[in-house]
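These numbers were taken from a predicted model, which means no experiment stands behind them.
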Amino acid sequence: MKVIRNCALSVGLTVKYAPWNALLYILVCLTPGFFSGLRVVLVQRLVDGGMDYGTTGQGMEGLLLSGSLLIAMLFVWFVFERLQGYEEKVLEIRLIRNMAPDILKKLDRLEYGAFESPDVQGILKRIGEEPWQKVKNCYIGSINTVRTLLSIFFMLGVYAAVSFWIGAGIFLVAVPMLLLNLAATKRLQALLCDTTMEARKLEDLKRLFQDRNAMYEMKVFGSREMMAEKWRRFSGGVEEEIRKAGGRVVVLEGASRLLNITYFVFIIITLAYLFLHGSVTIGQFTAVIGSLHSITNQMLSASWTVTNTFRTAMDVEHYREFLNLPERRDRGTVEALAHGDIAFENVSFTYPGTDRQVLKNVTFRIKAGERVAFVGENGAGKSTLVKLLSGLYEPDTGRVLMGGAPVRELSEALRKRCLSVVFQDFQEYELTLRENVALGDIAWIGEDARIKIALDQAGGAGLYLGAEKELDRNLGHLETDGENLSRGQWQRVAIARAFLADAAFCVLDEPTAALDPIAESRMYENFARIFHKNGTIMISHRLASAKLADRILVLDGGRIVQDGSHEQLMETEGLYRTMFLAQSSWYTEQAQDSDLEKGGRG
């Protein structure tokens, strides 16, 4: 049932995305399914008609009609075969063009927490390998399976008219062949599932071997041999599983081939017996003997067509699982807000699949236009606050509000006007510089001045000044003239996106982690100047930057333990004062070491 359901899904998707091409493919594929049987009938009549004409001198009209029909059918067969190959290419192009946007929409609707599930990661990995190709293959396999079955059953009727046993032999041999090949396919499918985890490990290692920074570290620390050993171990495990399954598959496929050969010999013996006893005409004998190679190949092809369709249908199962992944439950209907404040009310949160509560009854309010900094040690829950505020997760208990409305109920357009985020783990898009920045607000993609201002504010003017293509320079390695950036330069591009968005609140989740302390300080001064009319939520483990905030909230163990300005918190014994003095001491020592180095060089 699962295979039939997935084949129906593939047919439905193909008809949805390429309706006319799908219907034309059905026509040019199914029609030739009758041609093998018709060829046997026409050859039989042509030979028998020729014998009659040679004996009696009559029947020329029937002879010419059979010959003409045979020529016309073979010509149409040739044309349809060529059309079939052409339509397969067209279907692939249409599916690529039309499926990809729907896949991206589905990904956008998924719960963020789903991406952290190993099961979901496995599904995404399997469908990430050209899902449109698998849908197309399953569709083509489904239609070809119907064609093959039509052809065999039609041939069965034609052969049965010559001899019941020859016709029955098709059925008696084809079914066991099909079952043997299905068993082989199940072995291969089980192998694929069993080695998915090992394949993922190999894929991760391959990415490391292709990463410039990773290779540099491995070279410096001499760890290449250890990584090579991991590769040998993982690939060896996959190879061993393939060897075990391969032996069983060879046995099953060999048995199927033996049945095919046995049927070939059976037909020859039966035909010879019937011809010698006058039970078949010379035309029947010639037509059946002439089609032996074709029918035995068809039977072998039929078993492989069905089993390959079975295999591709199981591949499509991964796409069905992807379509059935849970989507976000937020309604996104709120289009206007009563005010611009942000509030957390008794919010607790635990990441899916874990037991540790990251936030515990957190409550605070941020007024519109206020600059607030969240500080705390690693694991205190700072970045989790940002994810909840962005609507990526839903809290276990409590409410996250923006303008008095639950943040997950804001429409997408309103959420973009209210909030922009620069994440610590920002993405490096291998696009043009213009496109990278314009992702902050795609409406400005054609406005050079606006994009340049955003880059200037992020300290990234040097990325377009002096560049031959300026904003249209290619970043990354997808294009031949693409240029890679340093981590700090990529960070400035990510920050420029936030500047371009110009939202009511800009959330800065340690966006300057790749910058040195001096560059970070200058960047936060830019933030303070640029967002003086906007609200700013800063998260940084370097507390010197927190002084720019109107208010500082200190997180510890998932709770807010301190709340106040820098001056107020420094007057009170507590975690903030302890952390700030420790970092100040570190910066002082660094400055003294730098002065000593300069004095030594002097």
Side-chain angles (χ1 to χ4, degrees), residues 3-4 6-43 45-46 65-100 102 130-158 170 174 178 181 287 290-313 315-316 319:
V3 171
I4 295 174
N6 291 340
C7 289
L9 173 64
S10 295
V11 172
L13 288 171
T14 306
V15 171
K16 173 185 175 182
Y17 293 120
W20 293 111
N21 299 98
L23 294 175
L24 181 58
Y25 186 81
I26 291 174
L27 173 66
V28 300
C29 184
L30 294 187
T31 303
F34 299 96
F35 288 172
S36 294
L38 286 173
R39 182 172 59 184
V40 173
V41 173
L42 290 173
V43 168
R45 290 185 177 180
L46 195 62
L65 179 62
S66 297
S68 299
L69 287 175
L70 182 61
I71 292 171
M73 185 197 72
L74 292 175
F75 176 75
V76 172
W77 198 346
F78 171 80
V79 172
F80 276 21
E81 290 291 340
R82 293 297 180 271
L83 277 175
Q84 187 178 341
Y86 170 77
E87 284 303 318
E88 286 180 11
K89 291 293 184 184
V90 174
L91 284 173
E92 183 176 345
I93 294 170
R94 293 286 173 85
L95 287 173
I96 290 173
R97 188 174 66 187
N98 297 326
M99 272 184 72
D102 282 358
E130 299 184 336
W132 39 81
Q133 187 73 31
K134 292 172 181 172
V135 169
K136 185 206 78 170
N137 290 342
C138 188
Y139 171 78
I140 290 172
S142 301
I143 303 303
N144 276 281
T145 295
V146 174
R147 166 188 169 166
T148 301
L149 294 177
L150 278 175
S151 179
I152 287 178
F153 278 110
F154 192 63
M155 285 289 285
L156 186 151
V158 171
I170 294 180
L178 177 61
N181 280 314
S291 66
L292 272 182
H293 181 70
S294 173
I295 187 61
T296 52
N297 278 344
Q298 276 190 43
M299 290 174 60
L300 186 63
S301 173
S303 61
W304 271 111
T305 299
V306 173
T307 51
N308 281 334
T309 303
F310 179 91
R311 185 182 298 118
T312 55
D315 288 338
V316 172
Y319 189 68

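For the atom pair OG (S142) and CG (N137), the distance works out to 10.5 Å, reported to the nearest 0.5 Å. Atom OG1 of T148 and atom CD1 of I143 lie 11.0 Å apart (nearest 0.5 Å). Taking CG from L83 and CG from L24, the interatomic distance works out to 6.5 Å, rounded to the nearest 0.5 Å. The CD1 atom of I96 lies 7.0 Å from the CD atom of Q133; values are rounded to the nearest 0.5 Å. Put simply, OG1 on T145 and CG on L150 are 11.0 Å apart, with the number rounded to the nearest 0.5 Å. Atom CG of L70 and atom CG of L65 lie 11.0 Å apart (nearest 0.5 Å).
In this structure, P131 and Y319 approach most closely via the heavy-atom pair CB-CD1, 4.0 Å. Scanning both residues, C138 and T309, for their nearest heavy atoms gives O-CG2, 4.4 Å. Here the closest heavy-atom approach between residue C29 and residue R147 is recorded as O-CD, 2.9 Å. Listed here is the closest heavy atom pair of L91 and A22: CD2-N, 3.9 Å. Nearest heavy-atom pair across K16 and D102 is NZ-OD2, 3.7 Å. Between L42 and M73 the shortest heavy-atom distance is CD1-SD, 4.4 Å.
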| query | Between Q84 and F80, does a side chain to side chain contact (heavy atoms under 4.5 Å, CB included) hold up when you go through it step by step? | reply | CA-CA 6 Å; Q84 187 178 341; F80 276 21; over 6 Å; no
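Other residues, nucleotides and ligands contribute at most 12 non-hydrogen atoms within 6.0 Å of the CZ atom of R45. At most 12 heavy atoms of other shown residues, nucleotides or ligands fall within 6.0 angstrom of atom CZ in F34.
Proximity of F154 to L38: side-chain heavy atoms (C-beta onward) are separated by under 4.5 Å at one or more points.
Remark: the Y25 side chain and the N144 side chain contain an N/O donor-acceptor pair separated by less than 3.5 Å.
Pairs of residues two or more places apart, or lying in two chains, that qualify as salt bridge (Lys or Arg N to Asp or Glu O under 4.0 Å) and include a residue from residues 83-98 are E92-K136.
For F153, there are no ring pair (Phe, Tyr, Trp, His ring centres under 6.0 Å) partners, not counting sequence neighbours.
Among V11, V15, L9, the one residue that satisfies the side chain to side chain contact (heavy atoms under 4.5 Å, CB included) test with L13 is L9.
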